[in-house]
Amino acid sequence: MINAFDPAAATALSPRERAMVERRQRLLGPAYRLFYENPLHLVRGEGAWLFDAEGRRYLDCYNNVASLGHAHPRVVEAIAAQAARLNTHTRYLHDTVLDLAEALLATLPPALGPGTGHVMFTCTGSEANDLALRIARAHTGGEGIVVTALAYHGVTASLAELSPSLGEGVPLGRHVATVPAPDAYRGGPDMPARFAADIAAAFAGLARHGIRPCALLVDTMFTSDGVFPDPAGFLAEAAAAARAAGALFIADEVQPGFGRTGGMWGFERHGAEPDIVTMGKPMGNGHPVAGLAIRPELLERFGSRARYFNTFGGNPVSAAAALAVLHVLRDEALPANAATIGTRLLAGLRSLATRHEILGDVRGAGLSIGAELVQDLATKEPATAETTRIVNALRERGVLISASGPGANILKIRPPLCLSAEQADLFLDTLDAVL
């Protein structure tokens with residue numbers, strides 16, 4: 001992890017914070033990780049701000065889960081009001097659950113939309129992706145999955161084995177093939193055709209080993225790979241290649257969805273209609289609600305042969321939270337704000353790149369942005385160590401960010417959708433000072 005906590009490097013922790021770190025390690029064990037050389041003890045959030053135990057505020061440019069902004073009052077009120085009335089499992093009738101399903105389908109393309117598509121609810125994006133794979137296998141009769149080279153799709157056993165970003169200690173399944181990320185910075189204008197060809201070749205390779213195609217599963221902004229949004233439209237060619245091989249196209253919208261890219265869904269800017277759309281915790285502004293939308297004919301075989309029951313997936317409180325999120329996105333025009341402020345950030349970052357040669361490439365859509373740091377503009381060699389220092393220096397100056405990509409050299413910029421122009425400028429000014 002690019003900015004993971006290293007006890008030996010932590011020089012600014014108070015005695016209380018160091019005691020908390022030691023207590024955490026003792027109680028939670030060695031598998032958990034903390035961010036930054038000096039971890040944060042956060043106690044409160046409001047909008048795009050987070051506050052630590054000493055009252056210092058930090059501009060959050062990373063945590064996409066609370067996508068509307070931390071502690072959004074309308075979501076908090078919806079959760080509290082429904083929790084005060086009823087929360088129970090999902091085998092009873094409840095209007096709010098159905099209202100949410102209708103409102104969600106209304107945001108999707110016709111094949112998945114109201115009167116056509118179905119919604120299935122889960123508690124997490126991992127569960128949603130896991131369920132999507134079960135349905136895809138039932139429909140296609142295959143199991144071969146193609147993902148990108150540094151993808152992350154979830155924490156269950158079936159998803160960990162198709163999430164290369166989890167590292168060498170988590171081996172990929174024999175039914176999984178990877179393709180290089182759609183990197184236009186290094187791949188040039190031929191990238192879209194090459195990406196589609198790579199997908200076709202990956203499915204063909206699986207078939208040669210007796211593994212029938214099942215699905216192409218991608219985060220539609222390729223966030224863990226390093227944020228690759230352009231050129232708009234290239235994903236449609238990739239989806240066509242998957243379908244030609246007999247596979248479904250599953251759009252993992254856990255990170256790009258719900259307004260982050262300036263539209264409701266990341267796949268929209270590519271003109272690519274998925275067979276299944278999966279969603280995660282931004283759906284509830286951090287409340288554990290997630291799910292998928294699916295074309296009805298794809299669900300027929302699975303639904304006729306298997307019962308689906310998720311005890312609390314789409315419970316009344318979760319449904320109230322998610323419905324409130326959809327209302328806030330509409331009423332506060334947050335996708336449009338993401339587009340406007342994202343354009344401002346991209347322009348500001350590109351201006352910084354004219355003065356700081358370490359900024360090799362700037363790319364993004366809405367408030368999903370990647371800024372790639374390189375040691376040399378000609379060779380494009382990743383500036384990995386420098387990125388680590390920049391991420392930690394920003395934290396010390398009150399701006400929170402992380403990094404991704406195979407060289408751990410791409411600043412991953414994902415602020416809440418409520419980010420203001422003034423806050424965007426604060427981020428740019430702080431990054432300029434750090435650079």
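These numbers come from a predicted model, not from an experiment.
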For residues Glu253 and Thr220, determine if any side-chain heavy atom of one lies less than 4.5 Å from a side-chain heavy atom of the other. yes
Yes or no on side-chain contact (heavy atoms from CB on, under 4.5 Å) for Glu372 and Asn409, after CA distance, side-chain angles and deciding distance? CA-CA 6 Å; Glu372 183 154 355; Asn409 65 310; 3.4 Å; yes
Determine whether Leu68 and Phe258 make a side-chain contact, defined as any pair of heavy atoms from C-beta on separated by less than 4.5 Å. no
Under 4.5 Å between any side-chain heavy atoms of Thr430 and Leu394, yes or no? yes
Would you confirm whether the ring centroid of Phe35 sits within less than 6.0 angstrom of the ring centroid of Tyr62? yes
With no hydrogens and no angle check, just 3.5 Å: does a side-chain donor-acceptor pair link His153 and Asp252? yes
Is the number of heavy atoms from other residues, nucleotides or ligands under 6.0 Å of Arg174 CZ greater than 12? no
Does the Lys NZ or Arg CZ of Arg44 fall within the cation-pi geometry relative to Phe51 - under 6.0 Å from the ring centre and within 45° of the axis? yes
Can you check whether Ser67's main-chain N or O pairs, donor with acceptor, with Asn64's side chain at less than 3.5 Å? no
Determine the minimum heavy-atom distance between Ala424 and Arg344, stating which atoms define it. CB-CD, 4.3 Å
Stepwise side-chain contact (heavy atoms from CB on, under 4.5 Å) test for Arg295 and Ile276: CA-CA 7 Å; Arg295 290 168 35 210; Ile276 306 175; over 6 Å; no
Give a yes or no answer on whether the side chain of Arg350 reaches the backbone of Val362 with a donor-acceptor pair at less than 3.5 Å. yes
Within the 3.5 Å criterion, strictly below it, is a donor on Asn87 or Gln82 matched to an acceptor on the partner's side chain? no
Can a side-chain donor-acceptor contact be found between His70 and Asn285 if the only test is distance below 3.5 angstrom? no
Are the side chains of Ile410 and Arg363 in touch, meaning some heavy atoms are under 4.5 Å apart? yes
Side chains of Gln255 and Arg260, donor plus acceptor under 3.5 Å: no
Just so I know, are the side chains of Trp49 and Gln423 near enough to count as touching, which here means a heavy-atom distance under 4.5 Å? yes
Nearest heavy-atom neighbours spanning Thr278 and Ala128: CG2-O, 3.8 Å
Here's one to test your reading of the geometry: is the NZ or CZ of Arg134 within 45 degrees of the ring axis of Phe302 and under 6.0 Å from its centre? no
Are Asn310 and Glu127 close enough that a side-chain donor and a side-chain acceptor fall under 3.5 Å? yes
Do the side chains of Asp275 and Arg243 get nearer than 4.5 Å, heavy atoms only? yes
